[in-house]
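Note that ligands are numbered from 1 as they come in the structure, with each ligand's atoms numbered from 1 the same way.
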Amino acid sequence: MDPGLFWTFLVSLHITIMSAESPGQKHGFKAFVSNALRPKKSRQTLRKASRSTTDLRLAARPSVDEGPPPPMPAPPMPELAPLHAHRLKYKELHAQVDSQLGERRDYTEIIHSLGTVGVDDDVGEVYEHNDRRPPGEGDIASLSPKLWARIASFLNPAEAASLAIASITLYRRLGPRHFMALEYPENLPYKITFLAGLDRSLPAHLLCIPCARYHVRTQRGTERLRPTHVLNPLFNCPNSTNALNPPPRHRITHGRMLPFTFVQLTMRAHRFGPSYGLTPDTLGRRWQRDDWSHTSRFHVHSGRLLMRVTSQTFAAPGLTPSAQRMLLFSREDYWPYFSACAHWRDGELMPACKCALEHIPRPRSTGGLQGLEHRVKDRWAGDIFDPNALTTLCGFCRPMRRCPECPTEYLIEVKLCEDRADGRFKQAITVTRWSDLGDGKTPHGIQWAAINGKRDDYNSFQHEHYAKRGIASIFESAFTADTLPGQRVISLNPKNKKLGEKGHDWY
Ligand SMILES: [Zn+2]
Ligand SMILES: [Zn+2]
Ligand SMILES: [Zn+2]
């Protein structure tokens with residue numbers, strides 16, 4: 001139901017009840033809601049008690065000028081804390097469950113529970129696990145096929161097919177047409193959504209996105225993420241060599257892709273149990289390529305898979321602009337060596353990396369105008385050149401950056417690291433990227449589609465998940481006992497200019 005409609009319904013219901021002044025015994029649902037809207041028993045008791053205390057005080061008050069009044073007796077200690085007592089009482093009063101649907105009939109209770117349960121993705125699963133719901137076949141059968149068809153007409157193709165498959169009675173009422181509708185090419189995303197809903201009953205299979213059907217897992221339980229050049233089929237798929245219909249995957253770095261199948265496996269295992277897939281720590285990897293070293297780590301938070309990729313390389317001081325490009329970009333495809341989301345060309349990611357490289361302390365030339373500038377800077381900073389000095393970044397390149405168009409954050413650091421080759425400490429640039437890969441149900445999910453640049457309606461600063469707390473902050477607090485100090489997160493693209501490859505700043 002449309003949430004707006006639902007609230008209008010609730011408000012009108014509330015008004016109807018408030019205006020219905022029906023004296024005497026009230027029955028059924030109305031009585032039950034008005035019961036909930038009446039002042040609470042506990043409050044009435046309190047009021048009565050306080051009034052009686054006042055009365056007692058008045059009664060006990062002696063006539064004028066007979067000395068001071070006796071001290072007030074302390075009110076008796078309640079057995080339970082008032083809020084706890086209220087909750088117990090409330091539960092007892094409102095624990096009425098619909099005999100047919102197994103759902104709470106009290107709308108007040110539903111609203112009440114919103115405050116205590118918290119709106120979270122996992123709420124849906126509580127209902128999924130409720131196997132003790134009494135059968136509602138009778139009620140379903142009592143509605144005509146025409147009415148069910150009307151109900152289904154309000155649903156999208158995936159929801160309508162899910163409704164039709166919910167029980168044999170519903171299938172008889174709705175017929176096969178909703179399954180047939182999923183076969184239309186334009187309904188492919190709905191077909192994937194519908195099929196992904198069957199995951200729970202298919203632990204030995206995996207939904208293949210190019211085929212839109214389940215295949216048997218041929219490496220069940222031993223699936224491992226491998227470099228892109230290694231053939232690593234997780235099932236026998238007729239589309240595996242079809243270049244026109246590739247499986248969805250996300251580029252991590254050169255030669256490293258994250259196939260969507262691994263997000264599926266991880267999130268299935270998280271939702272239903274280990275036999276359905278993999279744990280997030282089995283996805284983490286360390287690898288080296290083109291003088292860059294990379295480390296990836298994964299973590300499930302609030303029903304979604306988060307990824308961190310740390311990429312690092314040694315950087316000499318005083319690089320020329322072309323040397324900076326050589327360091328940051330691959331000659332093969334002019335992508336950065338470090339891990340980046342689809343929007344890395346827009347905004348300030350590459351300028352910030354170059355700015356960070358500029359801060360690496362360099363030997364000073366002492367002659368000429370540049371030398372004078374350096375001497376002034378050195379005096380200003382109060383230090384002399386030291387190649388091992390800690391590099392301090394500036395207000396432009398130091399802050400955490402968040403891509404406004406997808407759930408990805410970046411942090412650029414320059415620090416001293418030991419070079420294993422010669423055992424010396426050298427300055428290295430580190431670019432860390434945190435991304436939310438979504439719930440792994442379908443590749444059309446908002447997070448997965450956004451980080452791959454497949455949709456442009458995502459606003460990471462307004463999206464409920466990260467409006468208040470950053471992805472990096474959530475990720476890091478899962479691995480360290482103490483919470484990180486809150487860091488300023490600024491937009492990767494403050495001007496929101498979207499030029500992509502045509503832009504001038506990225507290279
Ligand atoms: Zn397939
Ligand atoms: Zn800077
Ligand atoms: Zn992005």
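- With the Zn ion (ligand 3) as the vertex, SG of Cys341 and SG of Cys406 span 100° to the nearest 10°.
- The aromatic rings of His463 and Tyr458 sit parallel to each other, their planes meeting at less than 30°, with 60° as the upper class boundary.
- Between His294 and Trp292, the two ring planes are parallel [angle under 30°; tilted spans 30° to 60°].
- Gln312 CD to Ile429 CD1: the interatomic distance, rounded to the nearest 0.5 Å, is 10.0 Å.
- Between the SG atom of Cys355 and the SG atom of Cys394, the angle centred on the Zn ion (ligand 2) amounts to 110° when rounded to 10°.
- Centred on the Zn ion (ligand 1), the angle running from His215 (NE2) to Cys237 (SG) is recorded as 120°, rounding to 10°.
- Within 6.0 Å of CG in Asp457 there are more than 12 heavy atoms belonging to other residues, nucleotides or ligands.
- At the Zn ion (ligand 3), the vertex angle linking ND1 of His343 with SG of Cys403 is 100° (nearest 10 degrees).
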